[in-house]
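Below: one structure, written as structure tokens.
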There are 2 protein chains.
Amino acid sequence: MTDMARPRHRSSGNRYGNRPTMKDVAARAGVGLKTVSRVVNGEPGVTPETERRVQEAIDALGFRRNDSARVLRKGRTASIGLVLEDLADPFYGPLSRAVEEVARAHGALLINGSSAEDPEREQELVLALCARRVDGLVVIPAGDDHRYLEPELKAGVATVFVDRPAGHVDADVVLSDSFGGARDGVAHLIAHGHRRIGFIGDMPRIHTAAERLRGYRAAMEDAGIPVRESWMSLGVTDPERVRRAAEEMLTGPDPVTAIFTGNNRVTVTVIRVLAEHPHGVALVGFDDIELAELLRPGLTVVAQDAAALGRTAAERLFGQLDGDLLVPERIELPTRLIARGSGELPPAP
Amino acid sequence: MTDMARPRHRSSGNRYGNRPTMKDVAARAGVGLKTVSRVVNGEPGVTPETERRVQEAIDALGFRRNDSARVLRKGRTASIGLVLEDLADPFYGPLSRAVEEVARAHGALLINGSSAEDPEREQELVLALCARRVDGLVVIPAGDDHRYLEPELKAGVATVFVDRPAGHVDADVVLSDSFGGARDGVAHLIAHGHRRIGFIGDMPRIHTAAERLRGYRAAMEDAGIPVRESWMSLGVTDPERVRRAAEEMLTGPDPVTAIFTGNNRVTVTVIRVLAEHPHGVALVGFDDIELAELLRPGLTVVAQDAAALGRTAAERLFGQLDGDLLVPERIELPTRLIARGSGELPPAP
DNA sequence: ACCCGATCTGACAACGTTGTCCAGGCTCTA
DNA sequence: TAGAGCCTGGACAACGTTGTCAGATCGGGT
């Protein structure tokens, strides 16, 4: 009795604002419940005349099938979950879009959430999605232990990890070749004469960050260049830290003549720092950036194909759901070096 | 009998891969169904000892509450739908993120879909979301007739339109001040001495595009400058068309000395065209762009706050759901002109 | 006129959860 | 020690849909 106001909306609380049900439609059309169900789902075995009557009642009442109930009965929700780090990041937009496109092609809806790079929030989100009984999950892991997913996997929730591998769980993974990409990018700088090269990346617990650092080290080692601790900086990618890191590398005792940046957020900040810097410091960034070719100099990048990552993952997911692809696999997509100028600058004297 | 292979997953089809239910948990713990429900939902009235036994059974079986069933019973799904144009567009990423953030604060999940600017697909998506019984909808309209939503609105589905108003339906709308923003931007160009100014925008049936054109015309009229048809080009925003439009304006009989672009996609293409162009053509764009200040010249823009749009809309939505805000409103957020160089170039001789 | 089969229709149970309501056991007091 | 009152636990129905199955209706052939 507490909530009597509200002029028209949601009067009786429980019944979704009193939406008409198949029962209501059946009553109005003077037919049985199942006949309405048949019409709604286009099943055969209904006289045109009956169908017309039912359709009329549906339109008159504004009936819309309740998919929640349907799902409960049928067992498949025709929806998949996507957990990523931050939808506002330009890297995840295309990825998300690609996943959605594949889902749509399979008649599924996409539910998504951002983990904000917080493992706890990732778990919370993933479990909420499982409680909704999504058919499958595409997860860009924030945490490194996914054992909490075991009951779900066992229960048949299709799962694909993207961009970073899962921790302690045997599941599909779709990755970019971070190690190879970073190695190539750094080798590119070395080929243009640089020997004092800096690396600024994300927190080392993030797999891609660690791999890219590994690629950096490998390239340096291949070229026989000893690496100094002061040339490497890993940590959160907020502008302040990155800016400080870059400035230290540029002005320290052993100043770098080139920088390799570990992802697009870092790159953007470093571009800003370099714009204020007198010498022509070379730069190669991991991840492509819109308008990169219009900067002066154009930005040389190691590009990964976010859309391809998403598409591959989603297709893999529906492959699992269709009963193929029972054996978890690790798929690594190649990266591509795009030279536009900033990575071809010679070392400053 | 057709699908017998599949080693472990989804054996009996219907029951979500044989997930344990409260009944199973109750049986294992040796208690009643409702007691399990009480434990799962943290309701009072359960002995610690009993609770321990139930919790043990839950862990052992890997039970997870089925929210589909819960929703069916309770009437609220704690999820909202977001229909936008293209997640990969950098304008919608932050907007989507803001909506998600508010939803999260209200304990709701976000289901989203892209309409790809296709009215039919928008309707299809919206209705699919309604069939899921989302509690509310945030819609960036692609179409201009939303009467199909009437039964849903009447049934109490909270709805807020963003970025563009709805057609033939009385509902909340949250907009940027497209007219004022465009007028200010064009006035800015006029103030810097330009008289022959071009406008390139999206398809005229899109409300924001029409409003921005109106702003352009108003600014020109205020300054007493007659507008030529050849200075205005509206249509799809794919690079080819925009490029052609820009080139025609720049080389036609009455070449423009400045261009105002109607959204970020157009702006990006026009920047590319101007980069190839010898004369210093001035440019002001609607929507801000990352790295805009690092271009030469820096890009002057009329910025709108995508995150604020999303946040405002979502808060409005939950306001509706909480029973306040029964009267639909139209909220217009201001834009902000950011001068960075490209809009302050003097007219070429 | 009667029966058979084909076609159409509807009653009923089930999906997994939660709200209602009642039963039984306990404690506390008179 | 009996009765009142509280606390815990469980049986049952309901949410809106679909699958099963059996009943009703109709046409045509004998």
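Every chain is numbered from 1, with letters handed out A, B, ... down the list of sequences. These numbers come from the heavy atoms of this one structure, side chains and all, not from hydrogens, waters or symmetry mates.
- Taking atom CG of residue B:Asp24 and atom P of nucleotide C:dT17, one finds them 9 Å apart after rounding to whole Å.
- Distances shorter than 4.0 Å separate none of the side-chain N or O atoms of A:Thr47 from OP1 or OP2 on C:dT7.
- Ion pairing of B:Arg52 with B:Glu49 is present here, as a side-chain N (NZ or NE/NH1/NH2) and a carboxylate O approach within less than 4.0 Å.
- The CZ atom of B:Arg70 sits 21 Å away from the P atom of D:dT17 (whole-angstrom rounding).
- The nearest heavy atom of DNA chain D to B:Thr35 and to A:Arg64 marks one nucleotide each, and the one closer to the 5' end goes with B:Thr35.
- As rounded to whole Å, 4 Å separates atom C1' of D:dC15 from atom CG of B:Leu72.
- With salt bridges taken as basic N to acidic carboxylate O contacts below 4.0 Å, none links B:Glu100 and B:Arg104.
- Heavy atoms of B:Gly45 sit under 4.0 angstrom from primed sugar atoms or phosphate atoms, though from no base atom.
- The phosphate of C:dG19 (OP1 or OP2) has a side-chain N or O of B:Lys74 nearer than 4.0 angstrom.
- Using cut-offs of 30° and 60° on the angle between ring planes, the pair A:Phe318 and A:His106 is parallel.
- Scanning atom types as modelled, no donor and acceptor separated by under 3.5 angstrom connect the side chain of B:Lys23 and the base of C:dG16.
- Between the CZ atom of A:Arg133 and the P atom of C:dT17 there is a distance of 7 Å, rounded to whole Å.
- Distance B:Asn66 CG to D:dC15 C1': 13 Å, rounded to the nearest Å.
- A donor-acceptor contact shorter than 3.5 Å is absent between the side chain of B:Glu85 and the backbone of B:Ala142.
- The interatomic distance linking B:Phe63 (CZ) with C:dG16 (C1') rounds to 8 Å, in whole Å.
- Nucleic acid contact class of A:Asn41 (heavy atoms, under 4.0 Å, all strands): sugar-phosphate only.
- Computed from coordinates, the B:Leu33 CG to D:dA11 P distance equals 9 Å when rounded to whole Å.
- Take the nearest nucleotide of DNA chain C for A:Ala69 and for A:Lys34: the residue whose nucleotide is more 5' is A:Lys34.
- Comment: B:Arg311 does not engage B:Glu315 in a salt bridge, judged by the lack of any side-chain N to carboxylate O separation of less than 4.0 angstrom.
- The distance between atom CZ of A:Arg19 and atom P of D:dT17, rounded to the nearest whole Å, is 10 Å.
- Note on A:Val40: nothing from the nucleic acid sits closer than 4.0 angstrom, heavy atoms only.
- Side-chain nitrogen and oxygen atoms of B:Thr21 include none within less than 4.0 Å of the OP1 or OP2 phosphate oxygen of C:dC15.
- Side chain B:Arg38 to base D:dG10: a donor-acceptor pair is found below 3.5 Å.
- Applying the 4.0 Å criterion to OP1 and OP2 of D:dT8, one finds that B:Thr50 has every side-chain N and O outside that range.
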